[in-house]
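First the proteins, then the strands, lettered A, B, ... as listed; each starts at 1. Keep in mind that the numbers below use all heavy atoms, side chains included, and drop hydrogens, waters and symmetry copies.
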Amino acid sequence: MRPAMEGFEPLSKISCVADVNVAPAVAEALRDLRLPEVFVQRAKQISLEETRGLLGLGLGFGPAVRAAEDRAELLRWYVPRRFEAGVMRRVAEAADLYLPGRGSLFAEDAGVRRGGALEFDEALLAELSSEGGSRPEAYAALCCIVQRGMAGPLADVVLDLGLCVPVVSFGEGMGLRNKLGLLRITIPVDKEVIYFIVPERDADLVEGLAVHKARLDRPGQGFIYRYPVRAAAVNLRVRHGKRSSAASMEQVIAALDELRGSSDWRRLAPVRPARGTGARDRADPLYCLSFVTEEGLVGEFVRAAMDAGAGGATLVPLEHRSYAAGKDRPVHARETCDLIVPEAVVGPVIAAAEARGLFEPDSLGIAELSFVDKAVTYRA
Amino acid sequence: MIGAYARVKIVEQLRSVGFIVVYLVAVQALILKAPIQDALGAAFGIGATVIGLALFMEGLFLAIMPLGEQCGLKLPGRAGVAAIAAFAASVGVAATLAEPAIGLLKAQGGAALPWESPLLYYFLNRGSGLLVAAVAAGVGVAVVVGVLRFLYGWSLKPFIFSIVPVLVGISIYFELSPTLRPVAALAWDTGGVTTGPVTVPLVIALGIGVSRIAGRGRGGATSLGVVTLASALPVLAVFGLALAVEGRAPSPAGAPTFFSPVPEARAKALFVAGDEAALAAAADLAVAIGSLDPAFALWALSPERGSGSAASPSPLETRAEAADAPPDSPDSPGRAAGGLAAQLRAAVTAVLPLALILVVTLAVFLRERIRALDEIVLGLAFSIAGLFLFNAGMERGLSALGSQAGAALPRAYEATAREDRALDLGRLSDEDFFRVAGPDGPRRFIWVDHGRGPIAVPEAELSLDAASGAYRYVPVESAVFSAWGRYAGMGAVLLFVFALGLGATLAEPSLSALGRTVEDLTTGTYRKSTLVRNVGIGVGIGLAAGFARILFSFELSWILAPAYTLALVLTAFSSEEFSGIAWDSAGVTTGPVTVPLVIATGLGLGAGGGSGFGAVAAASVFPVVFVLASGLAVKARARRSLAKEALL
């Protein structure tokens with residue numbers, strides 16, 4: 001176990017991005033699993049839609065291919081690691097996530113610390129795990145925080161290259177802005193959080209595109225970090241709509257990637273680290289430290305964390321649901337924030353948050369720690 | 001930093017207001033060929049409107065909405081249902097009492113005559129307090145029901161399906177009654193104007209907060225719907241009030257019947273007018289406009305005129321005094337300062353009481369720390385300053401342009417006497433005229449030159465002042481679209497009104513706040529620009545229908561009944577989320593930009609006296625149809641897309 005993870009309960013954090021029409025099926029599966037705690041975040045999936053044009057004649061006043069945004073929910077929950085595969089299989093089958101366009105399902109290792117313990121129906125979960133499950137594939141998840149309005153252009157570039165289906169949520173930034181007093185109102189607080197789930201071989205390409213397109217090498221433009229995940233289902237429907245051939249271009253590209261063993265054959269330009277960007281080396285590992293609290297409180301803990309040495313954070317509203325029998329929490333609104341911190345700062349930040357009352361009953365607070373492969377942002 | 005921030009906000013508002021300004025100026029100057037009066041004043045007014053909008057919108061998002069949302073988040077967990085209901089009711093009532101738009105309706109109804117529309121006259125004059133109280137009660141109940149809806153997870157659709165048909169049914173019943181008919185349009189319009197620029201964002205944020213904390217799992221824009229109820233229930237309240245007092249008011253009749261000394265008739269006339277002095281004043285007005293014989297008035301009111309009329313001047317005397325008084329130009333310092341003071345008072349009244357209720361609830365009753373207090377204080381200051389500048393600027397800028405355009409609109413379809421080009425010819429002798437033989441005998445003409453070369457004007461077109469013996473010539477211009485006929489001109493007016501509605505909607509602050517909220521709640525999949533565009537088109541069509549009613553004189557229910565029926569059908573097939581978005585957009589759309597422009601345009605078309613009511617109501621229903629239709633299209637596309645993949 002990594003030193004920073006001491007004091008944290010090792011769990012699997014499973015994330016499911018589901019189209020809003022598919023989300024009820026996911027919720028039904030989670031209810032069957034009697035999971036005690038599920039956090040839901042509003043999101044959207046962006047893909048390319050081919051249109052027929054006016055009267056199906058290919059005529060029209062706009063582009064034949066346009067970006068289509070579909071409402072989605074990003075559901076997250078924790079399970080003991082031994083039950084991860086069975087739970088993912090169950091959810092993927094219940095919601096037909098293996099079909100393109102419906103959503104994605106992936107898991108990562110996380111350490112969780114909280115005031116009270118989570119109670120799982122372990123007998124039920126054990127029964128599911130014993131039924132076996134398909135082996136999840138190793139993928140990379142990239143999370144990119146940008147100014148509001150930048151997600152669209154970045155998604156367009158990624159979609160044009162057929163790399164993945166970006167998932168976008170809205171959030172608010174905290175950091176330098178909060179140290180400016182009232183002048184902070186002159187700095188836009190709205191952020192877009194973009195998630196890319198790609199094969200590991202494509203992670204560098206996506207990272208390079210994000211840095212270039214979103215100008216992450218300039219101060220205040222945002223940052224991107226990546227972490228390893230195990231994907232049970234990935235939404236590969238980059239393009240949909242009118243079909244004029246037996247296989248889509250994405251299917252052909254995926255087949256060639258499989259044959260060639262990577263996507264290097266279709267790289268368009270050498271990828272070099274942009275000037276002004278920084279990436280941590282392995283001697284100074286990074287972690288993603290997330291706080292989940294009752295709505296309205298997470299800002300306090302972020303400030304405590306920043307005082308203890310953390311950088312900025314992005315706040316995202318969450319909805320809390322419980323599918324455990326007999327559980328009825330009266331408060332459903334939550335907030336979460338993600339801080340990317342070096343290993344040496346994890347301890348002081350947790351201590352500061354705990355001193356502020358993160359794990360008190362009123363806060364309903366959770367601290368989650370997960371390893372980050374790489375983070376890129378502007379460095380002076 | 002501050003400069004860049006301010007520039008972004010101001011440019012954003014300039015874009016919203018730019019279309020309607022350019023449009024009004026272009027139509028008036030280029031199509032109707034009416035000069036822009038006080039252009040410099042209008043330009044300053046528009047500038048104040050833009051800056052005011054920028055400040056006000058920023059204040060909304062810094063202070064009003066965060067306070068509302070924080071109240072909504074904290075109340076359900078800390079207070080019982082009764083306390084929540086009491087809070088919601090106080091917010092609804094305070095919002096209405098602070099809402100200045102009721103005054104705008106009163107301005108339009110100022111020309112209502114007590115014998116032609118007695119009940120309408122009563123509600124807009126002596127009974128205006130009751131009217132406001134009914135509206136306030138309606139809004140208060142609406143906010144309570146709206147909040148309880150989120151707490152208990154009630155769907156919005158049953159409320160829509162039960163309330164709207166009742167309102168339409170009552171409206172049709174009202175139109176069958178001569179006494180109640182003038183009030184039907186007033187009732188619908190109160191529903192449209194009562195949800196103002198401060199109320200709407202506040203109740204939206206309150207609803208979002210309660211919905212998030214109650215967490216019924218539907219999420220997204222299902223937290224909307226309070227504005228819908230706050231627009232519909234006041235209409236029901238005004239209908240109820242009218243039915244309650246109907247028996248005490250006389251039926252519409254001629255002036256002699258209204259002023260009849262018969263005890264029963266006199267009692268009803270006094271109920272409408274208020275007291276003997278007001279009745280006498282109304283009689284003076286009737287005499288002045290030729291609706292009542294002076295001798296009859298003297299006889300009918302003789303026991304009262306001795307005691308009552310001396311105490312208060314009659315309208316005739318007031319008008320005479322006004323004619324003799326030096327012209328009170330808008331630029332006179334006294335009047336200008338008084339007007340600005342009133343605007344400032346109105347802005348403070350619109351913002352502070354509501355904000356105080358929220359702050360006291362949070363700090364005192366809920367013992368909750370107010371988040372970002374410095375931003376809240378700054379935001380409130382922005383809101384007050386912004387609303388003041390906006391209202392003051394609207395009066396001098398957009399409303400003035402709208403009044404001018406409205407006054408010039410009849411030129412589109414009928415010949416117009418151009419008072420602005422009148423010529424005083426002085427005393428004329430026979431030698432100044434020349435005779436021309438004609439089929440009906442010789443006629444006398446005079447040569448007149450008003451800057452476009454001499455023209456021969458028949459003597460019959462000159463007006464003679466008997467006292468001074470001076471002649472005056474007012475040229476009459478043919479309709480702008482006379483070549484295509486009267487109906488083409490009317491069609492042009494309706495097109496103008498459509499574009500007016502569309503342009504005004506783009507500038508509405510409440511709609512902008514709702515659009516941004518919807519965009520946030522749907523994670524950008526339903527953009528603010530899409531909502532504003534759909535609502536704008538709906539408002540434009542609704543206003544055109546409303547003004548068609550003025551031009552062609554038909555009942556308001558002919559517009560509302562089919563439109564609401566279509567809206568109800570679409571609602572049945574729509575998601576809960578889009579139902580809330582669509583019906584709320586109807587409630588927010590007729591706001592401080594659209595309503596004054598609509599009223600000014602209506603007055604210009606001669607829609608005073610009550611016939612202009614209803615345009616606002618018509619403008620409120622069509623946006624529902626368009627937004628619901630767009631929501632159904634989105635839903636169909638998403639389902640089709642997923643279904644196609646499942647088949648492959």
Side-chain angles (χ1 to χ4, degrees), chain A residues 19-24 27 40-47 49 68-74 96 99-102 148-149 151-152 167-170 178 180-190 192 237 240-241 243 294-297 299-300 317-321 329-334, chain B residues 1-6 8-9 58 61-62 66 69-70 72-74 76-78 208-221 368-369 371-372 374-375 377-379 382 516 519-527 575 577 634-635 637-648:
Chain A
D19 184 276
V20 71
N21 293 302
V22 175
V40 184
Q41 183 175 325
R42 289 194 294 267
K44 63 183 175 187
Q45 299 184 95
I46 306 178
S47 57
E49 184 177 17
E69 297 179 347
D70 297 302
R71 298 267 303 281
E73 286 186 351
L74 176 53
D96 255 338
L99 282 175
R102 294 177 74 85
R148 184 99 165 238
V167 177
V168 179
S169 279
F170 287 166
N178 297 82
L180 297 177
L182 257 184
L183 275 179
R184 67 183 180 275
I185 67 168
T186 63
I187 299 176
V189 69
D190 296 321
E192 287 181 307
R237 197 186 68 169
H240 62 98
R243 280 277 182 104
E294 186 187 339
E295 197 282 337
L297 297 182
E300 259 180 64
L318 295 178
E319 180 194 343
H320 171 273
R321 297 178 195 166
R329 286 179 189 267
V331 175
H332 297 273
R334 299 282 197 279
Chain B
M1 242 166 120
I2 295 176
Y5 157 78
V8 165
K9 302 297 175 187
E58 196 63 10
F61 288 107
L62 281 178
E69 190 171 349
Q70 194 177 354
L73 283 165
K74 296 303 172 188
R78 310 268 182 96
I208 288 171
V210 175
S211 177
R212 278 192 65 201
I213 211 73
R216 294 291 160 176
R218 276 173 285 185
E368 189 70 21
R369 185 181 62 85
R371 298 175 212 165
D374 52 351
E375 282 186 23
V377 172
L378 182 67
F382 278 178
R516 186 166 146 175
E519 187 170 315
D520 284 345
L521 292 174
T522 60
T523 325
T525 52
Y526 199 80
R527 296 197 187 276
S575 64
E577 190 173 64
V634 165
K635 185 176 162 185
R637 186 189 72 78
R639 290 233 167 117
R640 197 169 50 237
S641 172
L642 278 180
K644 193 184 283 186
E645 294 298 335
L647 287 173
L648 290 171

Using non-hydrogen atoms only, which part of [X] is less than 4.5 Å away from chain A: side chain, backbone, both, or neither?
X: B:K74; answer: side chain
X: B:E368; answer: neither
X: B:I2; answer: both

Among the listed options A:L182, A:D19, A:L183, A:D70, the residue most often paired with chain B at heavy-atom distances under 4.5 Å:
A:L182
Do A:R42 side-chain atoms and B:L521 backbone N/O form a donor-acceptor pair below 3.5 Å?
yes
Checking B:R371 side chain against A:L297 main chain: does a donor-acceptor pair fall under 3.5 Å?
no
Minimal heavy-atom distance between A:R71 and B:T525, with the atoms involved, is CD-OG1, 2.9 Å
If you take all heavy atoms of B:Y5 and A:T186, which pair is closest and at what distance?
CD1-CA, 3.6 Å
If I take atom [atom1] from residue [X] and atom [atom2] from residue [Y], how far apart are they, to the nearest 0.5 angstrom?
X: A:I185; Y: B:L62; atom1: CD1; atom2: CG; result: 5.5 Å
X: A:R184; Y: B:M1; atom1: CZ; atom2: CE; result: 11.5 Å
X: B:K635; Y: A:N21; atom1: NZ; atom2: CG; result: 9.0 Å
X: A:H320; Y: B:R212; atom1: NE2; atom2: CZ; result: 13.5 Å
X: A:Q45; Y: B:T523; atom1: CD; atom2: OG1; result: 11.5 Å
X: A:D190; Y: B:R516; atom1: CG; atom2: CZ; result: 5.5 Å

Side chain, backbone, both or neither of A:E49 within contact of chain B (heavy atoms, under 4.5 Å):
side chain
Is A:P188 in contact with chain B via its backbone, its side chain, both, or neither, using a 4.5 Å heavy-atom distance?
neither
